[in-house]
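Inspection log for the structure reproduced underneath, given as structure tokens.
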2 protein chains.
Amino acid sequence: MSASRQPGKTATPLVSERREEILALAAKIFADKGYASTTVREIADAAGILSGSLYHHFDSKEAMLDEIMHGFLDHIVAQYRATVAAGGDPLDVLRALIREAFSSLGGNPAALAVMINEFNFLVQFPRFAYLREGAEETERLWSGVIEEGMRTGVFRTDIDARMIYRFMRDTIWISVRWYRPDGKYSPEEIADFYVAMLLDGLATGGSTDTGGAT
Amino acid sequence: MSASRQPGKTATPLVSERREEILALAAKIFADKGYASTTVREIADAAGILSGSLYHHFDSKEAMLDEIMHGFLDHIVAQYRATVAAGGDPLDVLRALIREAFSSLGGNPAALAVMINEFNFLVQFPRFAYLREGAEETERLWSGVIEEGMRTGVFRTDIDARMIYRFMRDTIWISVRWYRPDGKYSPEEIADFYVAMLLDGLATGGSTDTGGAT
DNA sequence: GTCTATATTGAGATAGAC
DNA sequence: GTCTATCTCAATATAGAC
């Protein structure tokens, strides 16, 4: 388990492994019970130490949450940025974005769940204001691709691009609530199902009659 | 505001109006801050009374949550049941279900938000086990319609029906997080956008190539 | 139905020994 | 890096007067 440690160098890594371990445990518990309902004692128990000892690694319970959120958000936004920057056919770019979003399920499901569950509450506090920035940049990136696809004619234009974005974002991310790593489908398969449904629709024939909203 | 009160009868209604008022206030705060992060004092403040006085109306904070959840779930499940029982073309039934789900946005958004946010955590406690039953009945009702549509050939059969259900359920319900009553679109319009996208897809041409999952 | 006053518990966090 | 011991505060809930 210490394979990455270089012989001769006596530890003190820039980011302690123990920190990361504890952070991963905390993320899991935050995801399962909710941040507010989680006690520092539970986190300490999971790590096999006493609650007071946690404060050697972290300033506070909130600081743990902050690190989890920051780590997740920075990573995913950087991915989106790179994918959009690479450019290409809007349809392909959108597909790539969707796959990246779904692959967070396999990557760090606990952090994703915490993000989904706590975002709305946390974003109102100054300390977590960066969450809004990340969300807004993500929305700009995704919506930009949709809008480009509308201009070039590959996407339909009769639905608000921002609403399409929201539908997609919510559907993809909230799937962390039912996704199980040992389940029937991998994140990649789920992504492909979703792309298939999103692009071509559920109906077989032309069910162009939406039945209302004239 | 007391239009429903009959003259001559001196109050003592079966369900006190004051209870309902307080419950609505509690639901709003639970929705905004999360159940665990809400204090009984905040609820009392909103109602213009002191925290101790709440216990004249309710046994506990948890009892308030219980009433909110029960009220919401019973109502929506009864609706779904009736709609499915009425029968008809699966495509029309599905459309009706989707509209009903979205109309919860206009009806009782706070209760819906609390349901979405707290479901996963609460369902593990015996007191809230009925949440699972409600969710399962809902899934059976919706999935049944999708499967019938697959049999009769109006829906594509290359995507798992339960996954389709989950995608739909999540997308619709989580929209309570961004829906605003004073916003650009009504729940009915949002429902129609969603139905349009769901049934016919986002792509204009035949983008049958999903690009992977061979 | 609400208030005053308070009991009681459990939470996050700290100080210093080891 | 962890433990022992404890502080402090805030939260739910209660009892009884009005």
Side-chain angles (χ1 to χ4, degrees), chain A residues 1-2 5 9-30 32-69 114 118 121-122 125-128, chain B residues 1-2 5 9-27 29-30 32-69 114 118 121-122 125 127-128:
Chain A
M1 276 300 177
S2 59
R5 195 73 74 59
K9 294 220 163 186
T10 341
T12 317
L14 267 169
V15 285
S16 124
E17 287 174 25
R18 189 69 175 130
R19 263 181 88 83
E20 297 304 308
E21 265 177 58
I22 295 174
L23 226 39
L25 292 167
K28 181 79 175 64
I29 306 176
F30 288 160
D32 289 344
K33 311 195 39 173
Y35 170 72
S37 300
T38 300
T39 68
V40 292
R41 284 178 174 85
E42 286 172 303
I43 300 170
D45 283 353
I49 56 178
L50 290 184
S51 65
S53 308
L54 279 180
Y55 291 82
H56 171 75
H57 301 280
F58 305 97
D59 283 346
S60 64
K61 180 185 166 190
E62 192 178 287
M64 290 187 227
L65 178 64
D66 198 8
E67 277 197 48
I68 293 166
M69 303 290 256
V114 176
E118 315 291 346
F121 178 54
L122 293 177
F125 303 108
R127 176 169 200 169
F128 293 94
Chain B
M1 277 299 177
S2 59
R5 196 68 77 57
K9 294 221 165 186
T10 339
T12 319
L14 267 169
V15 285
S16 123
E17 287 173 26
R18 189 69 175 130
R19 263 182 89 83
E20 297 305 308
E21 263 177 59
I22 295 174
L23 225 40
L25 292 167
I29 306 175
F30 288 159
D32 290 344
K33 310 195 40 173
Y35 171 72
S37 299
T38 300
T39 69
V40 292
R41 275 177 241 270
E42 286 171 303
I43 300 170
D45 283 353
I49 57 179
L50 289 185
S51 65
S53 308
L54 278 181
Y55 291 83
H56 172 77
H57 301 281
F58 305 97
D59 283 346
S60 65
K61 179 185 165 189
E62 192 178 286
M64 290 188 228
L65 178 64
D66 198 8
E67 278 198 48
I68 293 166
M69 302 289 256
V114 177
E118 315 291 346
F121 178 54
L122 293 176
F125 302 108
R127 176 169 200 168
F128 292 95

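A note on names: the letters A, B, ... follow the listed sequences, proteins ahead of strands, and every chain is numbered from 1.
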(Q) Less than 4.0 angstrom between a side-chain N/O of H56(A) and OP1 or OP2 of dG1(D), yes or no? (A) yes
Q. Under 6.0 Å from the NZ atom of K33(B), do we count more than 12 heavy atoms belonging to anything else shown?
A. yes
(Q) Quick one, L54(A) and M64(A) - any side-chain contact, counting heavy atoms below 4.5 Å? (A) yes
Q: Determine yes or no for a side-chain-to-main-chain donor-acceptor pair under 3.5 angstrom, with E42(B) supplying the side chain and I29(B) the backbone.
A: no
Q) Quick one: I43(B) CD1 to dA13(D) P, roughly how many Å, whole number? A) 10 Å
Q) Between dG1(D) atom P and E20(A) atom CD, what is the distance in whole Å? A) 13 Å
Q: Sugar-phosphate means primed atoms, P, OP1 and OP2; the rest is base. With that split, encode nucleotides 3-18 of chain C 5' to 3' as B, S or - using protein heavy atoms under 4.0 Å.
A: BB------BBBB----
Q: First locate atom CZ of R41(B), then atom CD1 of I43(B), and finally report the distance between them rounded to the nearest 0.5 Å.
A: 12.0 Å
Q | Euclidean distance, atom CZ of residue F58(B) to atom P of dG1(C) [Å, nearest integer] | A | 11 Å
Q: State the CG-OG distance between L122(B) and S37(A), to the nearest 0.5 angstrom.
A: 8.5 Å
Q.
Quick one, E118(A) with I68(A), criterion side-chain contact (heavy atoms from CB on, under 4.5 Å). Give me CA distance, side-chain angles, the key distance, then yes/no.
A. CA-CA 12 Å; E118(A) 315 291 346; I68(A) 293 166; over 6 Å; no
(Q) Based on the rotation axes of five pairs at each end, what angle does the helix from dG1(C)-dC18(D) to dC18(C)-dG1(D) bend through, to 10°? (A) 20°
Q) Can you tell me how far P of dG1(D) sits from CD of E17(A), to the nearest Å? A) 11 Å
Q. Tell me, which pairs form a salt bridge (Lys or Arg N to Asp or Glu O under 4.0 Å) where one or both residues lie in residues 44-62 of chain A, sequence neighbours left out?
A. E62(A)-R127(A)
Q) Where is the tightest heavy-atom contact between F58(A) and I22(A), given as atom of each residue plus distance? A) CE1-CG2, 3.7 Å
